[in-house]
Amino acid sequence: MAVGSVQVTGTGQLLELSRRLHAAGGPRLKQNFARRIRRAGEPLKDDLQQTIRNLPIRAEPRKSGSRGGPSPTTRPLRATVAEAVRLSVRTGGNPGARVWVDRSALPSDLKNMPWVINSANGRIRHPVFGNKKRWANQWTTPLWWDKTVQRHTPRMTAEVARVLEDVRRQLA
């Protein structure tokens, strides 16, 4: 599973239910359906944001003769990535919830960072203060996105099934 998009769909069940909602013409019922699906996805989105904010990033020790200094950017990496995590709910043709990283919300130099941080080896390789002749490695917990999604999948699946059953009961 890659960083960027998690979709919770019961495919056939959600599609059939969405058609019945549309045929029943109940906007209140459709809004209730969307609100409950969103509520099922909110804990995952919040946990993904919390996980990236608290993700430890370790640097290699400095080599002798290295100079230190303040970062040339005031933008905090983990908070920036956390703010780009989004949740969207659809009740139309392809109903369901989607948790994803909005690349357009990230600065141009960080567009790929969620995928780099989630890589299997946990290595973040970057130029030192933008100097492409000198590179540094930093290490983090690999697969943070995948592990967080796996923890939430059973709860979300059960919640979506409960919502489907409730709405089906209201339509009958």
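For reference, positions follow the sequence shown, starting with 1. All values below come from the heavy atoms of this structure, side chains included, with hydrogens, waters and symmetry mates left out.
- For the pair Leu87/Arg98, no side-chain contact is recorded, criterion being any heavy-atom separation below 4.5 Å from C-beta on.
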- Message: For Val116 and Met113: C-alpha separation, side-chain torsions, deciding distance, then whether side-chain contact (heavy atoms from CB on, under 4.5 Å) applies.
- Response: CA-CA 5 Å; Val116 170; Met113 192 53 67; 4.2 Å; yes
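- To the nearest 0.5 Å, the span separating CD1 on Ile117 from CG on Leu143 amounts to 12.5 Å.
- For the atom pair Trp144 CH2 and Ile52 CD1, the distance stands at 4.0 Å (nearest 0.5 Å).
- A distance of 12.0 Å separates OG1 of Thr148 from CG of Asp46, quoted to the nearest 0.5 Å.
- Of the possible donor and acceptor atoms, one in the side chain of Thr140 sits under 3.5 Å from a partner among the backbone N and O of Pro56.
- Rounded to the nearest 0.5 Å, atoms CG (Leu77) and CD1 (Ile124) are 6.5 Å apart.
- A distance-only check finds a donor-acceptor pair linking the side chain of Trp135 to the backbone of Lys132 [under 3.5 Å].
- Salt bridge status for Arg162 with Glu165: absent, with no side-chain N to carboxylate O gap under 4.0 Å.
- One side chain, Arg35 or Asn32, offers a donor N or O that lies under 3.5 Å from an acceptor on the other.
- Criterion: ILVMFWY side-chain heavy atoms under 4.5 Å apart, direct or through other members. Under it, Trp139 and Trp115 are not part of a common hydrophobic cluster.
- Contacts of Gln49 classified as side-chain hydrogen bond (donor to acceptor under 3.5 Å, both in side chains), with partners at least two apart in sequence or in another chain: none.
- Arg123 places no side-chain N or O within donor-acceptor distance of the main-chain N or O of Ala120, the cut-off being under 3.5 Å.
- Although no hydrogens or angles enter the test, the distance criterion places a donor-acceptor pair under 3.5 Å between the side chain of Asn118 and the main chain of Trp145.
- Of the possible polar contacts, none joining the Arg90 side chain to the Ala97 backbone as a donor-acceptor pair under 3.5 Å is found.
- Note that the CG atom of Leu44 and the CZ atom of Arg151 stand 9.5 Å from one another [nearest 0.5 Å].
- With rounding to the nearest 0.5 angstrom, the CG atom of Leu48 is 7.0 Å from the NE2 atom of His152.
- Between the side chain of Lys111 and the backbone N or O of Arg103 there is at least one donor-acceptor pair closer than 3.5 Å.
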